[in-house]
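Every chain is numbered from 1, with letters handed out A, B, ... down the list of sequences. Just so you know, these numbers use all the heavy atoms, side chains as well, and skip hydrogens, waters and symmetry mates.
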There are 2 protein chains.
Amino acid sequence: MNPGTIRKSLESSGLRCTPQRFAVMAFLMERPGHPTAAEIFEAVNRADPRCSRATTYNNLRDLVQAGLVREVAVEGRAARFDVKGLRHHHFICDRCGCVEDMEWYDVPRPPRGSLGKRTLRQCEVIFRGLCAKCAVSGADSGVRSLRSSVEEHLHVQRRD
Amino acid sequence: MNPGTIRKSLESSGLRCTPQRFAVMAFLMERPGHPTAAEIFEAVNRADPRCSRATTYNNLRDLVQAGLVREVAVEGRAARFDVKGLRHHHFICDRCGCVEDMEWYDVPRPPRGSLGKRTLRQCEVIFRGLCAKCAVSGADSGVRSLRSSVEEHLHVQRRD
DNA sequence: ATATCACATTAGATTTAGTCTAGCCTGCTC
DNA sequence: GAGCAGGCTAGACTAAATCTAATGTGATAT
Ligand SMILES: [Mn+2]
Ligand SMILES: [Mn+2]
Ligand SMILES: [Zn+2]
Ligand SMILES: [Zn+2]
């Protein structure tokens, strides 16, 4: 990824291009696998120890606020981060918690009236299930299959 | 809510109906506002100090695994819990982080082929924006409006 | 050139949210 | 009533993230 591009995207969002902020952004761009804050800190700090933990977290916060980076919360696991390139949805694995990109498509807005006084900014879809790796290996362990076997036994329809 | 109903739903999911487990479930049913684990612990423990923190968390884990309760992760905040009654989606407030129920509707499945070897269990929609309270009070502060003003200034289209 | 100011960064302490441990209790079966 | 499994407890522990108080950096003003 061209350094000039990162520089420009930072500055056009009103953020100064400091070495630390640049490094966080560059790492996110060259590693599109939704790393956690801890992973980002470790990698950036190893490459250049001039970026402390507090700075990594501060910069992630700033990048999210500026709309350049997305934070993805995952149940029971550390948050993951994602440079906002092309629009996309997310698939989250029930077993390993990994986050994967899914092709984007338009989501129908909520039915008229159900919104009340709320202000809608975004509709996103989250797909859940087993990632390719988890679906293949030992397809019969983990949360997902525990659930399945309970339901199978009870002939119950799960409601989400 | 009828105690018998709770009892039955626990047992038909293969969970024993202990006083502590019942209390957690009962609290979730009579307080449909997506409380955090800490709130649940505090309330249940106050009503009956025989339910410790570990037990509250263990029971929440068991209830989620059994499919009776849903856990909702929220960026930068504690997870929230939700009894699975009628199907519904969620609205999460950008500013205060509250989680609100939204009328359910069918979500189009991901386009054929984009799923690969993954196993799909669920598609859920998450709406984001400002809740009624936050939309009304001081509609011009907070993350949302910082973003908006940056974009307005730059004439930039946000991509999610 | 020097002062000033806002913003950025730092190491490490602190808080928050949740998990783990080791032992005890309770109800069921033999 | 011994044995056993599941459940419960207090409190220690851990992971993730935030806060604090001090320092650094670079732009502008004098
Ligand atoms: Mn992504
Ligand atoms: Mn809900
Ligand atoms: Zn997986
Ligand atoms: Zn709100």
Side-chain angles (χ1 to χ4, degrees), chain A residues 6-7 10-11 13-25 27 34-66 68-69 71-81 96-97 99 143 146 150, chain B residues 6-7 10-11 13-25 27 34-66 68-69 71-81 96-97 99 143 146 150:
Chain A
I6 295 179
R7 215 188 133 82
L10 288 175
E11 286 171 353
S13 295
L15 296 174
R16 281 218 296 236
C17 181
T18 69
Q20 293 85 346
R21 194 169 285 156
F22 181 94
V24 168
M25 196 67 184
F27 179 74
H34 307 94
T36 64
E39 284 165 2
I40 297 166
F41 165 59
E42 205 185 325
V44 168
N45 179 263
R46 181 140 33 105
D48 176 354
R50 280 180 322 156
C51 190
S52 74
R53 177 205 313 280
T55 298
T56 306
Y57 278 87
N58 287 343
N59 279 325
L60 280 170
R61 192 233 300 117
D62 296 345
L63 291 168
V64 168
Q65 283 212 342
L68 293 172
V69 164
E71 178 176 353
V72 184
V74 184
E75 300 73 23
R77 307 185 123 98
R80 295 174 168 280
F81 295 86
C96 72
V99 174
V143 169
L146 170 57
V150 168
Chain B
I6 294 180
R7 215 189 133 82
L10 288 175
E11 287 172 352
S13 294
L15 295 174
R16 268 206 250 168
C17 182
T18 70
Q20 293 85 347
R21 195 169 284 156
F22 181 94
V24 167
M25 196 67 184
F27 179 75
H34 308 93
T36 64
E39 285 165 1
I40 297 166
F41 165 59
E42 205 186 325
V44 168
N45 179 263
R46 181 141 32 105
D48 177 354
R50 280 182 322 157
C51 190
S52 73
R53 178 210 310 279
T55 298
T56 306
Y57 279 86
N58 287 343
N59 278 325
L60 281 170
R61 193 230 302 116
D62 296 345
L63 292 168
V64 168
Q65 284 213 340
L68 293 172
V69 164
E71 176 175 354
V72 184
V74 183
E75 300 72 25
R77 307 186 124 98
R80 294 173 169 280
F81 295 87
C96 72
V99 174
V143 170
L146 168 57
V150 168

[atom1] of [X] versus [atom2] of [N]: gap in Å, rounded?
{"X": "B:Leu60", "N": "C:dG18", "atom1": "CG", "atom2": "P", "value": "9 Å"}
{"X": "A:Asp62", "N": "D:dT18", "atom1": "CG", "atom2": "C1'", "value": "14 Å"}
{"X": "A:Arg53", "N": "D:dA17", "atom1": "CZ", "atom2": "C1'", "value": "9 Å"}
{"X": "B:Arg16", "N": "C:dC28", "atom1": "CZ", "atom2": "P", "value": "8 Å"}
{"X": "A:Gln20", "N": "C:dC7", "atom1": "CD", "atom2": "C1'", "value": "12 Å"}
{"X": "B:Glu75", "N": "D:dA17", "atom1": "CD", "atom2": "P", "value": "12 Å"}
{"X": "B:Leu10", "N": "D:dG6", "atom1": "CG", "atom2": "C1'", "value": "15 Å"}
{"X": "A:Phe41", "N": "D:dA15", "atom1": "CZ", "atom2": "C1'", "value": "14 Å"}

Would a 4.5 Å heavy-atom cut-off, applied to side chains only, mark [X] and [Y] as touching?
{"X": "A:Leu10", "Y": "A:Arg16", "value": "no"}
{"X": "B:Phe81", "Y": "B:Val72", "value": "no"}
{"X": "B:Arg21", "Y": "B:Met25", "value": "no"}

Does [N] have OP1 or OP2 sitting under 4.0 Å from an N or O in the side chain of [X]?
{"X": "B:Tyr57", "N": "C:dG18", "result": "yes"}
{"X": "A:Asn58", "N": "C:dC7", "result": "no"}
{"X": "B:Arg21", "N": "D:dG7", "result": "yes"}

Which nucleotide wins on minimum distance to the side chain of [X], given the candidates [options]?
{"X": "A:Ala54", "options": "C:dG18, C:dA11, C:dT9", "answer": "C:dA11"}
{"X": "B:Ala37", "options": "C:dG12, C:dT9, C:dG18", "answer": "C:dG18"}
{"X": "A:Ser52", "options": "D:dC8, D:dA10, C:dA11", "answer": "C:dA11"}

Discussion item. Mind checking if B:Ala38 touches a base, just sugar-phosphate, or nothing, with heavy atoms under 4.0 Å?
Written reply: nothing
Worksheet item: Which part of the nucleic acid, if any, lies within contact of A:Thr18, taking any heavy atom under 4.0 Å across all strands shown: a base, the sugar-phosphate backbone alone, or nothing?
Response: sugar-phosphate
Worksheet item: Under 3.5 Å, side chain of A:Glu42 to main-chain N/O of A:Glu39, donor-acceptor pair present?
Response: no
Worksheet entry | Test item: B:Asn45 side-chain N/O and B:Cys51 main-chain N/O as donor-acceptor pair under 3.5 Å | yes
Worksheet entry | Upstream residue (5' side of DNA chain D) when B:Asn45 and B:Leu15 are each assigned their closest nucleotide | B:Leu15
